[in-house]
Amino acid sequence: MDKYNFYTGKEFFAQDWLGAHVADGGTYFRTFAPAADGIVVVGDSGQWEMHKVLDGNFWEAFAPGVGYGEHYLYRIYHAGAMQEHCDPYGFTMELRPAWRSIVCDLSYGWHDDEWMAARHAAGPEATYSAPMNIYEMNLGSWRKKSGDQASDDPADWYTYSELARTLPSYLRESGYNWVEFMPLAEYPFDGSWGYQPTGFFAATSRYGTPTQLMGLIDALHQAGIGVLLDFVPVHFATDAYGLANYDGTPLFEYPNEAVGVSEWGSHNFMHSRGETCSFLQSAANFWVGAYHPHHLLAG
């Protein structure tokens, strides 16, 4: 990661260094928390004290023997207080109401080469040169296995893998050539439909794993269905384990509630901070690269 670009809002790959990354013999954990007095990574198999690196605003710990599947959180100390947080750069999280981050393997063998090649060859303008019939959907409310559309039982939701077997044919038979998914970044409250996220790099575990979401988009592309994905760069959920007061201070949000709290009660991002811009740009770039949507739609 380029530190200068990070501070000036020009970094698009912060997630390649920050977050949890498996290496030979264990996993590196890194986070950006300038005001923190101390941070401990708490995992399934132990605890590891983080130390300052680079200019002292970043923290790092190496956890020997830790690999994919490890649940973890950051215990952050500031001014005599302590708050536990999920990893802002974590790639997946537990199913709500649990919220710990999980060390995640994003390896997936894509089969949409033909779709991606045609997309790159045509260029972005070509998307709008042919008719687009877009089906907008929230994965959790589209259909319920029991037929009870009011059900909040996770067992009633169709998984990414189940949707991969049914959604492409449904869209084609209904005459749609595009699908727009409401936000799939992890979020705590079902009623927000994903528009108040906590995990900006984490595909929601409501419907399965990140690689299963890749499988769904892969199946859609193989069926000739383009994918659009809603992305939320404006605000985030206020849950204490998330981005709010991440290092004990308003690191991502405005310090003044008059502009820092939205009409929905969420925290507004402070976009004048380069670090915040790099966080959001990296998140958007990550979704496009990891999950192959054609476009992200800011919501």
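Values reported hereafter were calculated over all heavy atoms of this structure, with side chains retained and with hydrogens, waters and symmetry mates removed.
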What distance separates Thr204 OG1 from Leu213 CG, expressed to the nearest 0.5 Å? 10.0 Å
Checking side-chain polar atoms at under 3.5 Å, does Asn285 have a donor or acceptor matched by the opposite partner on Ser282? no
Starting from the C-alpha separation in whole Å, work towards a yes-or-no answer on side-chain contact (heavy atoms from CB on, under 4.5 Å) for Ile134 and Leu228. CA-CA 9 Å; Ile134 304 171; Leu228 305 172; 3.9 Å; yes
Residues forming a side chain to side chain donor-acceptor pair (under 3.5 Å) with Ser169, sequence neighbours excluded: none
CG of Leu216 to CG of Leu184, rounded to nearest 0.5 Å, is 8.5 Å
Hey, are Tyr135 and Trp142 close enough side-chain-wise for a donor-acceptor pair under 3.5 Å? yes
Results of salt bridge (Lys or Arg N to Asp or Glu O under 4.0 Å) for Glu180 - residues two or more places apart only: none
Within the 4.5 Å heavy-atom criterion, are Val261 and Glu253 side-chain neighbours or not? no
Stepwise side-chain contact (heavy atoms from CB on, under 4.5 Å) test for Tyr108 and Leu106: CA-CA 6 Å; Tyr108 176 79; Leu106 294 174; over 6 Å; no
Short question: side chain of Asn133, backbone of Gly175 - any donor-acceptor pair under 3.5 Å? yes
Can a donor-acceptor pair be found between the side chains of His78 and Asp247 at a distance below 3.5 Å? no
Where Asp105 and Thr211 come nearest, the two heavy atoms and their spacing: O-CG2, 3.8 Å
Side chains of Phe236 and Gln196: does their closest heavy-atom pair fall under 4.5 Å? no
Go through the steps for His292 and Met116 under the test side-chain contact (heavy atoms from CB on, under 4.5 Å), then give the verdict. CA-CA 8 Å; His292 291 196; Met116 295 297 285; 3.8 Å; yes
All salt bridge (Lys or Arg N to Asp or Glu O under 4.0 Å) counterparts of Glu186, not counting sequence neighbours: Arg206
Determine whether Gln212 and Thr159 satisfy the following criterion, side chain to side chain donor-acceptor pair (under 3.5 Å), listing intermediate values before the conclusion. CA-CA 8 Å; Gln212 289 169 342; Thr159 66; 5.9 Å; no
For a quick test of reading the model, state the closest non-hydrogen atom pair linking Tyr187 to Pro197 and the distance between them. CB-CA, 3.9 Å
Where the side chain of Ser205 meets the backbone of Met93, is there a donor-acceptor pair that is under 3.5 Å apart? yes
I'd like to know if the side chain of Asn177 and the backbone of Ile225 have a donor-acceptor N/O pair within less than 3.5 Å. no
Rounded to the nearest 0.5 Å, what separation is found between the OH atom of Tyr4 and the CD atom of Glu11? 13.0 Å
Sub-6.0 Å ring centroid separation between Phe6 and Phe58: yes
Between Asp44 and His71, do the side chains contain a donor N or O and an acceptor N or O under 3.5 Å apart? yes
To the nearest 0.5 Å, atom CD1 of Ile39 lies from atom CD1 of Ile76 at 4.5 Å
Could you tell me whether a side-chain N or O of Thr166 sits under 3.5 Å from a main-chain N or O of Glu162, the two making a donor and an acceptor? yes
Tell me every residue that passes side chain to side chain contact (heavy atoms under 4.5 Å, CB included) with Gln222, counting only those two or more places apart in sequence or in another chain. His111, Asp218
Ring centre gap for Trp59 and His51 strictly below 6.0 Å: no
Relative to Tyr77, does Arg75 satisfy both conditions: NZ or CZ under 6.0 angstrom from the six-membered ring centre, and within 45 degrees of the ring's axis? no
Could you tell me whether the side chain of Leu73 reaches within less than 4.5 Å of the side chain of Trp99, counting heavy atoms only? yes
Do Lys145 and Trp157 have side-chain heavy atoms sitting under 4.5 Å apart? no
How far does NE2 of His221 sit from CG of Asp113, to the nearest 0.5 angstrom? 12.0 Å
The side chain to side chain contact (heavy atoms under 4.5 Å, CB included) partners of Pro188 (sequence neighbours excluded) come to Thr198, Ala237, Asp239, Tyr241
Does the side chain of Asp230 reach to within under 4.5 Å of the side chain of Trp193, using non-hydrogen atoms? no
Verify whether the ring centers belonging to His294 and Trp178 lie closer than 6.0 Å. yes
On a heavy-atom basis, the closest approach of Thr238 and Gly265 is CG2-O, 3.1 Å
Under the side chain to side chain contact (heavy atoms under 4.5 Å, CB included) test, residues paired with Ala240 that sit two or more places apart: Gln83
One should read off an interatomic distance between Glu49 CD and Glu60 CD, to the nearest 0.5 angstrom, of 13.5 Å
Give a yes or no answer on whether the side chain of Asp112 reaches the backbone of Trp115 with a donor-acceptor pair at less than 3.5 Å. no
Smallest separation among heavy atoms of Ser278 and Asn5, with atom names: OG-O, 3.3 Å
Assess the residue pair His267 and Phe252 against the criterion (ring-ring contact (aromatic ring centres under 6.0 Å, His included)); give the C-alpha distance rounded to whole Å, side-chain angles, the decisive distance to 0.1 Å, and a yes or no. CA-CA 9 Å; His267 284 308; Phe252 293 90; over 10 Å; no
Is the closest side-chain heavy-atom distance between Thr31 and Tyr89 below 4.5 Å? no
How far apart are the C-alpha atoms of Trp110 and Ile217, what are their side-chain angles, what is the distance that settles it, and do they pass the side-chain contact (heavy atoms from CB on, under 4.5 Å) test? CA-CA 10 Å; Trp110 288 88; Ile217 296 175; 4.3 Å; yes
Nearest heavy atoms of Arg143 and Tyr158, plus distance in Å: O-CD1, 3.5 Å
Exactly one candidate in Phe286, Phe32, Phe201 meets ring-ring contact (aromatic ring centres under 6.0 Å, His included) with Phe279; the answer is Phe201
Does the side chain of Gln47 reach to within under 4.5 Å of the side chain of Val41, using non-hydrogen atoms? no
Please lay out, stage by stage, how Arg96 and Asp190 fare under the test salt bridge (Lys or Arg N to Asp or Glu O under 4.0 Å). CA-CA 9 Å; Arg96 64 96 180 96; Asp190 291 350; 2.5 Å; yes
Sub-6.0 Å ring centroid separation between Phe29 and Tyr72: yes
Ionic contact status for Asp87 with Arg100, cut-off 4.0 Å: no
Check whether any side-chain heavy atom of Leu139 sits under 4.5 Å from a side-chain heavy atom of Leu163, and report yes or no. yes
Aromatic ring pairing Phe269/His271, orientation class (parallel under 30°, perpendicular over 60°, tilted between): tilted
Which heavy atom of Cys86 sits nearest a heavy atom of Gly242, and at what distance? SG-CA, 4.1 Å
